[in-house]
Structure formats: C-alpha cells, structure tokens
Amino acid sequence: MQNSEYNFSKIEPIWQKYWAENGTFNAIDFDKRPKFYILDMFPYPSGAGLHIGHPEGYTASDAYKRFKKSQGYNVLHPMGWDAFGLPTEQYAIKTGRHPKDTTKENISRFKEQLEQIGLCYDSNREVNTTDPNYYKWTQWIFTQLFKKGLAYVDEKPVWFCPDLGTVLANEEILNTPEGPRSERGNFPVERRPIRQWVLRITQYADRLIAGLKDVNWPDSTKRLQANWIGRSEGAKVSFEIEDYEESLEVFTTRPDTLYGATYMVLAPEHPLVSKITTEAHKEAVEAYIEKTKVKSDLERAELSKDKTGLNTGAFAINPVNNKRIPIWISDYVLLSYGTGAIMSVPAHDERDFEFAKKFDLEILQVIDDANQAHKNADGNLNSAFTEAGPLMNSDTLNGMDSDSAQKAIIETLSAKNAGSVEVNYKLRDWLFSRQRYWGEPFPIVWVSQDNYSKINTEFKPKGEPIIANFNDEVQYAVVLPEEALPLKLPDIESYTPSPDGQSPLSNAHEWLHVHFDIQTGAISEQATENTVPGTRETNTMPQWAGSCWYYLRYVDPTNSEKLIDPDLESYWKTPDLYIGGAEHAVLHLLYARFWHHLLHDLGVVSEAEPFKKLFHQGIILGEDGEKMSKSRGNVVNPEIIIDAYGADTLRLYLMFLGPLEAMKPWNTKGIEGIARFLRKLWRLVILDNETELNPKVDSDQSTKLDSESERLLHQTIEKVTADYESLGFNTAISQLMILLNHLSKLDKIPKDTVEIFLQLIAPLAPHIAEELWMRLGHTGVISEAAWPVAIQEKLATASVKIIFQVNGKYRGDIMLPNNPSKEEALSAAKSNERVQAQLEGKQILKEIYVPNKIVNLVVQ
RNA sequence: GCCUGGGUGGUGGAAUGGUAGACACUCGGGACUUAAAAUCCCGUGCCAGAAAUGGCGUGCGGGUUCAAGUCCCGCCCCAGGUACCA
C-alpha cells in the first residue's frame, strides 16, 4: 500500500462481497429486457492456479458485461470448469489422491482468484464437466451419436505414450527435433494399433463449411477452419493392374490431366504393395516399408524434401488410353488421405515433377501452357505447369479447356465403370476415446453375437452393428437407456493405466461385468431370464467432450429431465459474443460446431450455429517479450500485482497494454501510470487524508461546466461508448485519462460530471467506481445505474480549426467561425506569417480547400 | 514452401487519405518537504539553432494523389499457424 487515501485493499473485498451476496450480475430468465449472452472459454482448473493470461480475456468480458447491463440488457455471463483432464489424473497416479478431491480444491482456488479480480459471474449457473449431473448429458449426446450411426469402433494406429501410459491424439503430439513427443510432459511416443471410438464428423463436413458464412468471426479463423476441413472436388479413377484382378483406385483433382499420367505412386503402407511387388524388387521394397514405419508424419514430410521411393516392378493400365505405366511407392503419398495412391502427372504437379526428375521418369505435357511455362533449350519443362488450359497430347480431347475436359473424362470413365466424381476432405473422423480414468465413461455394454440378436433395437445403432474383437471373441456394442445415465465413474484402487494401453477402468471388475435387460436396457448385478451378460466399455471420452456443449448448460444448469429446457433455449439461444484464444480456432470450435449441428438436427437447439460472434484475445508475453513459462522464469502472478496495486489497477492496466487482440509484452513499470490515474480519481472526489468529499465537487449543482469542458465530457461519453462496444478498451482508457487530467485542473466540478466519469470507468474499475459513487451519496449501486448518453448539441462547436499546408506540409492553423468560405480560409492562410515565409518568391500553382479542415497551397 | 498477422520515438502504443507520435512508461530539470514517499509544473522522435524556426523522419524501393503510416506494385525482416492433401 503506497497511499493512505485510496485504500484499495480495504474497499475491493467489500464490493466483491456485495455483488456476490446481492446477485448483482445474475441473469433473469424470461426477463422483458433484451437478452445478451456473453461467453468466455472456460478454464481447466489446474493446480498451478490462475495465470496472467486468464484475466486478460476475462477482464474484457467482465467489463463488456457491466457495460451491456448498464445499457439495459438482461446479461447472461456465466463461468464454469473444464475439469476432466490429464494433469489431475497424473497427480492422482503420483499421490493416490482421488481426482475428484483435487479438482474440488483447484476449483475453489480458481474461484477465489477470479473473485479477487472483481470478476462477477452468475453463481447459480456454474457448470463443472466432472459433475455427474453435467456429464449425464455429455453421455446422452454420445448415445444420440451412437444411435444415429455417427459413432464407430476402429482399430487405429494411434500415438501411444509409454510414459503417460495412454494413447494420445494427433493434436497432442509435438514434433521435436528428437522425434515425436507428447505435448504434455514431452515424453517420446510411438505408433500402436488400439481399439478406438471414432465420430463421423466428416459426414458434417459440408455443413460445417457452409455454416461459416452465417457467423461473424475473424476472417482468418473462418479460413483456418475451411482449410482444415479441406474440401476438394475431383474424381476417383480406377486403374487396372497388369496380371492382377484388383484395380488401383486414386483420387485426383485434375482428371483433365489423366493422359499425362506417366506412373503411379502408392503409400508404402498401401495394402496392395506386398501383393504386386515383383520378385526382383521385393527385398528393397520391404526394407523401404520398414524404414517408413518408424518415421512420424513430420519426419516423412521433412526428410522427404529430397524425395525417396522405389519401383515395385508392377504396371497399371491407364483407363483412357490403355497405356502401361509403372507403379512406384513413396512416403510422400499418405495412406490417410484420399485412397493412399495417386496417379502421377509430373508435367502438371510440382511434387510429381520433382519425383520424376529424381528417378528419371517420363514427363508428358498434356496442358498447353501458351508459352507461360519455364522451359529449357530443348523445349522441355523446367518446372511443373499447374494451371488450367487447353489440352494437348490427349487424343480427341486436344484443344478442349480444362473444365470441359474434366467433365468429358469423368463421363467416359463412368461409362466404363472406371471412375466417378468424388469429393475428398482433409478432415478426418474424430478419434473420440482415451485409455484414461479421469473422463466420462462410455454408456456402452459389449455383448456376444447371440445375445445381441435378442436385444431391443432401441439400444442398437441405425445401420451396421458396431463390432470389436476382445481376446479373439467378437462382441457387439449396445447403448444404455437414458434412465441409466449418468453412468458414474467407479472408484478404483490404482489410476495407473495397464501397460497394454488399456484404461485403468479395465481393472474395476465389479463395475465391469453386468447383466443387460434385453427389453428395457436396465443394468442389474444378478442374471434373470430377461438379461444377457455384458462387459462395459472401459475407454473414457476426451476432454473435448465436456467442452463441446457447456455453453448450452449454463442456460439451464440443473435440469435433470432434459439437456436444456426448450423455452429457456428459445429465450437465451446461443452466445452473442464468445471471447477466447486463437489457439482454439480449429479443434474446439469445430468440434463444438459439429455437436451443435447434431443437436439442431435432434431438435434440442433452435439454431444451427452456436457462436455468432467470436473475438480472439491476444497473449500477454513476459517482460522479456517471450511467452510466459515457468522454465523461463518470466511468469507474472496476478496475486502479487493485486497485493501491490489492487484489482482495479490490474484490470485497467491489462486493458491499457494494447489492443485486446494483440500479442503484447507485460511491463511491470508501466503499471505506475494506471496507479497514478486511479489515485488522481480518488483525490478528485475525496479530500486528502480525510473521508470527507473534496469541496471542489459541487454537490448543489450551482456551477456549470464551461463549454469546452462540457464538450470534452460528451466527446468522452461518445468515444468510450463506441470503444467499449468494439472492445477497444485501450483507447477508451486514454480518453478517460484526458478527461480526468482536464477535470482535475478545474476549480469547481459539478457533481453530475464526476458521476458520469465514474459510470464511464465503472466497467473497467468497478470497485473504486462503486465506492466513490456511494460516497457521493447514492444509495443504489453504480452497477445498476443507466449508461450515460452523449448529447449531440453539446458536441457542437461554434468555431473550427483550419490547418494551413504549403505543398502538403503543416505551416500553421487558425480557429474560424464554422463553415468559413473558401475565400475566408485562403486569405487567413495567406496572412499567416509562416505561410508567407514559405510563399516568398514562389508562385502559387493551386489552392486546395477542404471545407472545415484544411488549406493546401501548392507552390513552385 | 504455403496461409495469417505485423514492422511507427529509448519502451507499450495512438492516428474516418488531411498537423505522425494521442495516452502512458522511462529519463532529465524544477516546486513542495528536515528528508523521503506521494503530489504538482516544465521538457523529452532525430539533426541544426539561444530561440523563433528550418531540415529529416512510420522496415526498404517505386507509384497514385494537392496531400500517404493509411491506397497500389515489388522486395526485406519478425511473429503465429500448417506440413508433400494428390
């Protein structure tokens, strides 16, 4: 505490308590006021507590919420906890403490820290993804996916991390110079085939692209999502393989270049490789496959800058001209995209060109470049020509443009049953299971084939049954009825996953083995004539599951009958503003959109898109300009700042650092300016060292502001209002500083002017604003007061400043009565001394007058 | 490589095509004080000058315009994302 007058550590807790106890910021269902739903990305309550990055976005949303409330909106601004996750489970493995208990402690620490910053949330609407009453509905959504045939089980080669004892998704893998590592812990990882649940997000790919045009998001984020989904239109073409029954399917976006296909390339893992490779090439090909297996995708990409590959000795037949072309393998072709095989057209694809050059394969130009392409002296291409153009070397299609040729070729192919139009996506289905304890259990029971046939179809997926092998026995998946939800996590002795990669739940024997009622789906411990024996699914859901739909539950957090009440849903709809980091631009936002579309199909929600407006707050870097991290030792702890300067100063400073969306370094020295600003505000209202009001503040309204001060006041109302609306808090604060600097120089200040100032700063510095508001004699809180509105007449001026320029350079200015004529302005300019000095001995070529703004004399 | 952002004083950053550097930090000088803190006043882009003022200045090179940090073309650098997507 540096100042005995403005005692923030005394007043801040008082107001925090007041807002909490009075539910000042609680939303009211079905209120007549217009609704406004503002959402923050909810945090993972880690053991480390709050990081300075959290309060940046959270302060912005808290300020915006207070602003909107003052403007007369019924504001919903909730907070919750994304509390399933690996660190808590790791901690449990280490200490044996139940993740439930650790989570509870972490949450209460987070809550305390958020409250200290003056962040207010509707406490009746807190959600916690690990609460069975919450995850009941996460499981319910999964049952809907299951029944619609949008979930399946697949044996997938996925990243396995022996140190963490779990499977990791691609997005949890870091590519380091030492090879692939786990994002958490930086442990080495390897590929292993494991039974996994997968969701068919690809079925929604087109709708997820289309929906992007209906949302107000940063363009860069929309593009990122569209690119991630990666829709490409083209054709599937099938090539016969010489001497084999099988044919080779490829996907191409350029069917018009089919005549230029001079060889084929298969991914080394392609199932046909071992079959078609000739004796002479077998040994080398097998060695190459082995080498590929140990490479990560990134190594494959990186090392293959210089392309590698081998001939299999086999030949394919081009369906349009029956040309015999060799089949190669190379790791630049990925099994996971398209069909895992390509037709190579080196003349018109850069990668193929490079490969053909390296292995001296034929390059046949089939698109006329009209002399645009780089060629060597012999007239051969120096690089691939990848644009469209008229065809050449293509029999009857010569001269036809690329577009028409694509259609013609696909038509020819489909007549021969050798090809068709095809759409491909980069997006892959969503790997939805983890071999962990601390996640939502799947409401699934596995039964034998015989027993499966006895079970009510209600518990089975639409379409194909879901089957998996357990110890060489085929099992069928059935889903639990809604009444059986939530399926709670059982208590277990050890949280350590078994070394075979199975979840720790596989050791919870009593929980594991159940009897499933074939009619009702009810689970019982004892067998009856209506039950069949089954085994529960031991995988749990990924952390994304709970965070995919939490924004809906805030609206109706305690409903045990429904995920969300339809009336409440139609009142609150979806968030009007979503603030969160750009690091979630793809995965979280895409998964949540997928589920929201699904819920829309199910009639649970009334709109297809969940987040109308999205804002990405930036990142606060350490004082050294680097990302804050423990290892760098540049982490700023918000609690220390609050102790030294108070929450209001921290809030203002976080917002003053720069634009909300920017990445900006923290600078502890700079906070002094904000601290001075608030002390100055305090002194404006309260007399030094006393609790009484500063006599400068005229409470009987006998003084009036002079017109210049009044104009500044209303300009400030206007600018601050507009800046808050666009989340431009940094410039709003500097405008408030200008006004305060001005007011503090006046001898007398009308009380209502001070009050307006307090209202304008209240969203950002709510504690001091409440305190001074009360001391000015108000019985109600400033949080409930209506937002001030600028009076247009007060903004008007009687005179206008005209800038003088000579050859575009500033040479002086003058105040003139409004709307001076061109003649008046010009003569004022010409009679200015500095202007005259510039005109000395020169000739005026042109006289520009921009009304009420500027005179520019062009001279020579 | 590709896709996004972005390059403005010693620092963070302001600027609907119209006075570049608002607002702060830092630093320097002064007032108040026994002293310090707090507070207040003055200065603070660079160069020349006692000052008035003048010249130069928004990554670099061109262009459009009476006027460009802002618009157009070409480069350089930095940060983030992505990884051969056929």
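Throughout, protein chains are lettered first and strands after them, A, B, ... in sequence-line order, and every chain is numbered starting at 1.
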Original post:
Would one find more than 12 heavy atoms of other residues, nucleotides or ligands at under 6.0 Å from atom CD of A:Glu350?
Top reply: no
Protein-nucleic acid N or O pairs under 3.5 Å, nucleotides 50-54 of chain B:
from  : atom 1 : to       : atom 2 : distance (Å)
B:G54 : OP1    : A:Arg811 : NH1    : 3.4
B:G54 : OP2    : A:Arg834 : NH2    : 3.0

Original post:
Which listed nucleotide (B:U4, B:U39, B:A86) is nearest to the side chain of A:Arg679?
Top reply: B:U39
Subject >> Closest to the A:Arg351 side chain, choosing from B:A22, B:A86, B:U4 >> reply: B:A86
**OP:** Look at the side chain of A:Ser238 and the backbone N and O of A:Ser247, then say whether any donor-acceptor pair between them is shorter than 3.5 Å.
**Re:** no
Subject >> Nearest listed nucleotide, side chain of A:Ser232, among B:G18, B:U4, B:A86 >> reply: B:A86
**OP:** Just compare B:A86, B:G12, B:U4 and give me whichever is closest to any side-chain atom of A:Leu657.
**Re:** B:G12
**OP:** Pick the P atom in B:G18 and in B:C72, then give their distance to the nearest Å.
**Re:** 15 Å
Subject >> Candidates B:C85, B:U26, B:U16 - which lies nearest the side chain of A:Leu334 >> reply: B:C85
Original post:
Closer to the 5' end of RNA chain B via nearest nucleotide, is it A:Phe251 or A:Gly670?
Top reply: A:Gly670
Original post:
What interatomic distance, in whole Å, is found between P of B:A15 and the corresponding atom of B:U70?
Top reply: 15 Å
Original post:
Hey, does A:Asp352 reach any base, or is it just sugar-phosphate, or nothing, if we go heavy atoms under 4.0 Å?
Top reply: nothing
Original post:
Does the A:Tyr849 side chain pair with the main chain of A:Glu823, one donor and one acceptor, at a distance under 3.5 Å?
Top reply: no
**OP:** Please identify each residue that fulfils side-chain contact (heavy atoms from CB on, under 4.5 Å) with A:Thr221, with sequence neighbours left out.
**Re:** A:Trp217, A:Pro218, A:Ala585, A:Leu614, A:His616
For nucleotides 40-45 of chain B, print each protein N/O atom paired with a nucleotide N/O atom at under 3.5 Å, atom names and distance only.
from  : atom 1 : to       : atom 2 : distance (Å)
B:C40 : OP1    : A:Arg683 : NH2    : 3.4

Original post:
Taking the inter-plane angle between the rings of A:Trp328 and A:Phe355 on a 0 to 90° scale, is it parallel (under 30°), tilted (30 to 60°) or perpendicular (over 60°)?
Top reply: perpendicular
Subject >> B:G57 and B:C40, which share atom name C1', separated by this distance in whole Å >> reply: 34 Å
Original post:
Do side-chain atoms of A:Tyr6 reach the backbone of A:Lys680 as a donor and acceptor pair under 3.5 angstrom?
Top reply: no
**OP:** Pick base, sugar-phosphate or nothing for A:Phe656, based on heavy-atom distances below 4.0 Å to the nucleic acid.
**Re:** base
**OP:** Classify the nucleic acid contact of A:Asn730 as base, sugar-phosphate or nothing, counting any heavy atom under 4.0 Å across all strands shown.
**Re:** sugar-phosphate
Original post:
NZ of A:Lys809: more than 12 outside heavy atoms within 6.0 angstrom?
Top reply: no
Mind listing the N/O atom pairs, protein and nucleotides 76-78 of chain B, below 3.5 Å?
none

Original post:
Can you name the nearest heavy-atom pair linking A:Leu590 to A:Ile229, along with the distance?
Top reply: CD1-CD1, 4.0 Å
Original post:
Looking at RNA chain B, which of residues 819-827 of chain A put a heavy atom within less than 4.0 Å of it?
Top reply: none
**OP:** Examine distances only and state if a side-chain atom of A:Arg254 and a backbone atom of A:Ser402 form a donor-acceptor pair shorter than 3.5 Å.
**Re:** no
**OP:** Please list all pairs passing the salt bridge (Lys or Arg N to Asp or Glu O under 4.0 Å) test where one or both residues lie in residues 654-667 of chain A, with sequence neighbours left out.
**Re:** A:Glu56-A:Lys664
List, with names and distances, any nitrogen or oxygen atoms from the protein found under 3.5 Å away from nitrogen or oxygen atoms belonging to nucleotides 56-58 of chain B.
none

Original post:
Within the side chain of A:Asn730, is there an N or O that forms a donor-acceptor pair under 3.5 Å with the backbone of A:Leu657?
Top reply: no
Original post:
In this structure, are over 12 heavy atoms from other groups packed under 6.0 Å from A:Lys358 atom NZ?
Top reply: yes
Original post:
Any stems for RNA chain B, made of 3 or more Watson-Crick or G-U pairs in a row, each with both distances under 3.5 Å?
Top reply: B:1-7 with B:76-82, B:10-12 with B:23-25, B:27-31 with B:39-43, B:45-48 with B:53-56, B:59-63 with B:71-75
**OP:** Measure from the side-chain heavy atoms of A:Asn227 and tell me the nearest of B:A24, B:A86, B:C3.
**Re:** B:C3
Original post:
Under 3.5 Å, is there a donor-acceptor pair between the side chain of A:Asp331 and the main chain of A:Pro268?
Top reply: no
Subject >> Any residue meeting salt bridge (Lys or Arg N to Asp or Glu O under 4.0 Å) with A:Lys357, in chain and number order, not counting sequence neighbours >> reply: none
What N/O pairs connect the protein and nucleotides 61-71 of chain B at under 3.5 Å? Give each pair on its own line.
from  : atom 1 : to       : atom 2 : distance (Å)
B:C66 : OP1    : A:Lys846 : NZ     : 3.4
B:C66 : O2'    : A:Asn856 : ND2    : 3.2
B:C66 : O2     : A:Asn856 : ND2    : 2.7

**OP:** Could you check whether A:Lys426 gets within reach of a base, just the sugar-phosphate, or nothing at all, counting any heavy atom under 4.0 Å?
**Re:** base
**OP:** In whole angstrom, give me the gap between the C1' atoms of B:G62 and B:A68.
**Re:** 14 Å
**OP:** List in numerical order all residues of residues 713-728 of chain A for which some heavy atom is under 4.0 Å away from an atom belonging to RNA chain B.
**Re:** none
Original post:
Picking from B:G5, B:A14, B:C23, which would you name as closest to the side chain of A:Pro659?
Top reply: B:A14
**OP:** Would you kindly compare A:Gly230 and A:Ile738 by the position of their nearest RNA chain B nucleotide and give the one closer to the 5′ end?
**Re:** A:Ile738
**OP:** Look at the side chain of A:Ile803 and decide which nucleotide, out of B:A86, B:U19, B:A15, has an atom nearest to it.
**Re:** B:U19
Subject >> Contacts of type side-chain contact (heavy atoms from CB on, under 4.5 Å), residue A:Pro638, not counting sequence neighbours >> reply: A:Ile52, A:Leu650
Original post:
Syn or anti: how is B:G10 classified when any glycosidic angle within 90° of 0 counts as syn?
Top reply: anti
Subject >> Distance between P atoms of B:G28 and B:U19 (Å, rounded) >> reply: 34 Å
Original post:
Looking only at atom P, what distance separates B:C85 and B:U64, rounded to whole Å?
Top reply: 41 Å
Original post:
Can the ring centres of A:Phe729 and A:Phe656 be said to be less than 6.0 Å apart?
Top reply: no
Original post:
Which of parallel (below 30°), tilted (30 to 60°) and perpendicular (above 60°) describes A:Trp666 and A:Tyr653?
Top reply: perpendicular
Original post:
Can you find a donor-acceptor N/O pair under 3.5 angstrom joining the side chain of A:Lys801 to the base of B:U19?
Top reply: yes
Original post:
Looking at the side chain of A:Lys853, which of B:U16, B:G18, B:A86 is the nearest nucleotide?
Top reply: B:U16
